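Worksheet for the structure shown next.
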Amino acid sequence: MDGLRFGDYTGSVSALSKPSRTAALVADLTGAQRAAVEHGDGPLLVLAGPGSGKTRVITRRAAYLAGTVTTAAHVLAITFTNKAAREMQERIAALDVEAGMTVCTFHAWCARLLRTHSRQAGIAPHFTVLDRDDRRRLVKSAIESAGLSPTHLPVAAVERAIGDAKCEMQTPEAYRASRPGWQEQTCGHVYAEYEKLRVRMEALDFDDLLVSAARLLTEAEQVRGRLEDRYRYVLIDEYQDTNLAQYVIARLLTRDRQNVCATGDPDQSIYGWRGANIRNILTFEKDYPTARVVCLEDNYRSTKRILRVADALIARNCQRKEKSLRTGNAEGPAVVVVECETAEEEAAWVAREIRTLRDQEERGGEVAVFYRVNSLSRAMEDALRKEGLAYQIARGVAFYERREIKDVLAYLRVLVNPADDLSLLRIINTPPRGIGGTTVDRLVNLAREREQPLARLITEEDVLRALGRPAAAVQRFDCLLKELAEALTLAAPRALEYVLSYSGLRALFGRTENMEDAAAGNLDELVSAATLFQHDHPDARLVDWLEYAALVSDVDTVREGAGRVTLMTLHAAKGLEFDTVFIVGMEDGLLPLRRDEEDASDVEEERRLCFVGMTRARRRLVLSRARYRMARGAAIRTVRSGFLDELPRAELEWSCLEDSAPRAGRSAEEQASAERFADWSVGRLVRHPLHGLGQVLALDGGPRSWRAAVLFRDGSRRAFILEHAPLELVAFDEVGD
DNA sequence: AATATTCCCGTTTTT
DNA sequence: CGGGAATATT
């Protein structure tokens, strides 16, 4: 990520003697970078601004430690993303470090720890890892189980509450004790139920991995001590994004030796809403009084102009460590700000601009478009397609979220962990085998009553008898599971194949011939992935692969370059860099994002998010906004983002695009819409398939999206969008009836 | 039990 | 406007 101008060291160092080898590790570094790499024992904090060569410093330091004061096996490097872990691994390997260093994500490390110390942690060694979808379903089930209704109590809110509680390492009891509010009490109650169900099915969600690991380290001093002896040097990347559990883990792992190296940038802390505590990095020096602090302020990525603009913005934040950004790079062109009329025009303008760039000699280099919320991608996609530009979207959900993939994995999960009710429910009638909703409901209720896993329940004689006719199908399903258990003796790829063919899933997804239905292909891809995994980890068992599949679901879809425009949210942009960056939707309420006035949203974090986006740009930065944006079917007038006003005018090239003249495509559309609803007027009678006859009380919204308020015979008043509502105008001569 | 409507509700999401 | 879930329909 640090650009080539930095002079990548590519030669082989293996032939050199040890001292010159370590000398080579720092030969091309700046003073500050070198200081960080060569720092010996004791805590070290590396505050690394954007584009300052942070990754380079960490990898060099890891290699340096392994080659001087210790060996690779004693070094632990922790990242947040799989992508970062992989990159670090590759770069360290390229530095010719002996094998045996542990480089992985927090979650993977915790999962491994909990499996190897499952007894001390009080957890089943074959525990299931719950992904986000699993958690949502389990929360729903917990709500029902608590005697409440998911329609009354928003699942998302409870999910958030549980997430918040876990990030703060609070048990349901602690959560309720700390929050007296009525709603929080209810959430706490569901949380308790959730935990009960989760424990019963021998599963851990993502947060549990961290929390349980932190608890284990807290409570089992022997384990903690052994780990500290094993991992004598701990490096933690993106320290500004650590939450309480991660913080506890880091502290406990380095309690005696204090050999912790934290790297990060408080100005790039953008996951506060997920429990990350920026104070962890801000108070590092208090936590480790002997800490040495190294600041990397030289930027090797962006132009002077871009840095001055980004710096002016971030300087508005109060909660931060002052830090300047400097670069020896060129001055560069002005940062461009564009105000358009509508979101469509904004997108079209950006697309045209990219086209122009592409027609130039350097073709604009790598180009990215960032936005605050995913919903803004649609307009951009349409515009890019119209302009004939290839693009790629970094979407959060990927391969492992697909239905067919989750289905096979569910089979394997049930085999590995029969208590996994969630997975069992997923496959009990997939492929269809005559076990309908009513039967499933009955089983679920019984399971709830008896506090028994479904897999066991369906083997009970009395249950089968009570089930009546569908009992045969249920029994057949149970037999199938027993047959499939054979797969447990196989390596992951074989196990997959086995389950795919014997469960009938292969047949189910193989015959769907919809052209865009890539299900069969996806399954093949999954088998390939498993094969690859088995190749890389010859000793891995099926559990290990399942864990990998749960934790690695972020198969980074974003590939470098390829001449395609990259679309992503600002959050996804962290750690990346592009020659040209567009940030669209620079509007109040969108960036900074706010849903209702004075919600708890943290403007400083929003500013950091904007800062992260801006500092991804190497040469060109463009910020845009629309004066009108569609929200819930209607065009809403927007207010431009306050962040734009915080930028130094002298560095900007500001243009306000008026309603662009030629809009042939649209006017035709508009005309059609106008014609279609020309007969509509206030007072006319209409018929609705459900509500019957009614009278139009009001019409508004304009030619682009007509809306009508209708009073029905039963006295109810309803609003409709004409384009979509199944409303029919009643002819005048029909009124007689 | 599977398909067709209508209704409901909209942040960000490393693992 | 659009997806997803709850409900209505055959």
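Everything numeric in this text was worked out from a predicted model, so none of it was measured. Order of the sequence lines sets the chain letters (A, B, ...), proteins ahead of strands, with each chain counted from 1.
Residue A/Arg594 contributes atom CZ, which lies 15 Å from atom C1' of B/dT12 at whole-angstrom precision. Rounded to whole Å, the distance from CZ on A/Arg403 to C1' on C/dG4 is 15 Å. The separation between A/Gln240 atom CD and B/dT14 atom P is 16 Å, rounded to whole Å. At whole-Å resolution of the value, CZ in A/Phe127 and P in B/dT15 are 17 Å apart. Straight-line distance from the NE2 atom of A/His107 to the P atom of B/dT13: 16 Å, rounded to whole Å. To the nearest angstrom, P of B/dT15 lies 14 Å from NE2 of A/His571. Atom-to-atom, CG of A/Leu590 to C1' of B/dT12 comes out at 12 Å; the value is rounded to the nearest Å. If you measure from atom CZ of A/Arg132 to atom P of B/dT12, you get 9 Å, rounded to the nearest angstrom.
Residue A/Arg378 has its side chain nearest to C/dG2 when only C/dG2, B/dT14, B/dT15 are considered.
Taking 4.0 angstrom as the limit, A/Asn82 places none of its side-chain polar atoms (N or O) nearer than this to OP1 or OP2 of B/dT14. Look at A/Thr569 and you won't find any side-chain N or O under 4.0 angstrom from OP1 or OP2 of B/dT11. OP1 or OP2 of B/dT13 sits under 4.0 Å from a side-chain N or O of A/Asn374.
For C/dG4 and B/dT13, the P atoms lie 16 Å apart once the distance is rounded to whole Å.
Remark: A/Glu90 engages A/Arg86 in a side chain to side chain contact (heavy atoms under 4.5 Å, CB included) (not counting sequence neighbours). Not counting sequence neighbours, the partners of A/Lys406 by the side chain to side chain contact (heavy atoms under 4.5 Å, CB included) test are A/Asp131, A/Asp133, A/Asp134, A/Arg426.
Under the 3.5 Å distance criterion, the side-chain polar atoms of A/Arg115 are matched with a main-chain donor or acceptor of A/Phe127. Looking only at distances, a side-chain donor or acceptor of A/Thr116 sits under 3.5 Å from a matching main-chain atom of A/Leu113. At least one donor-acceptor pair under 3.5 Å links the side chain of A/His571 to the backbone N or O of A/Ile270. With hydrogens and angles ignored, the 3.5 Å screen pairs a side-chain donor or acceptor of A/Asn429 with a backbone N or O of A/Ile435.
Nearest-nucleotide positions on DNA chain B place A/Gly434 closer to the 5' end than the other of A/Gly434 and A/Ser375. Each of A/Tyr271 and A/Asn429 lies near DNA chain B, and the nucleotide nearest A/Asn429 is the one positioned closer to the 5' end.
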Verdict with supporting geometry, A/Arg135 and A/Asp207, salt bridge (Lys or Arg N to Asp or Glu O under 4.0 Å)
CA-CA 10 Å; A/Arg135 170 187 266 198; A/Asp207 294 329; 2.9 Å; yes
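Using a 4.0 Å heavy-atom cutoff across all strands shown, A/Gly437 reaches sugar-phosphate atoms only and no base atom. No contact: A/Phe106 has no heavy atom under 4.0 Å from any strand. Nucleic acid contact class of A/Asp205 (heavy atoms, under 4.0 Å, all strands): none.
For B/dT15, the base has no donor-acceptor partner in the side chain of A/Arg135 [N/O atoms by modelled type, under 3.5 angstrom].
Base orientation of B/dT11: syn (glycosidic angle within 90° of 0).
Checked against a 6.0 Å centroid threshold, the rings of A/Phe106 and A/Phe80 count as neighbours.
Here A/Trp273 does not pack flat against the base of B/dT11, since the 5.5 angstrom centre distance and 30 degree tilt limits are not both met.
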Between protein and nucleotides 5-7 of chain C, what N or O pairs are separated by less than 3.5 Å?
from, atom 1, to, atom 2, distance (Å)
C/dA5, OP1, A/Arg136, NH2, 3.3

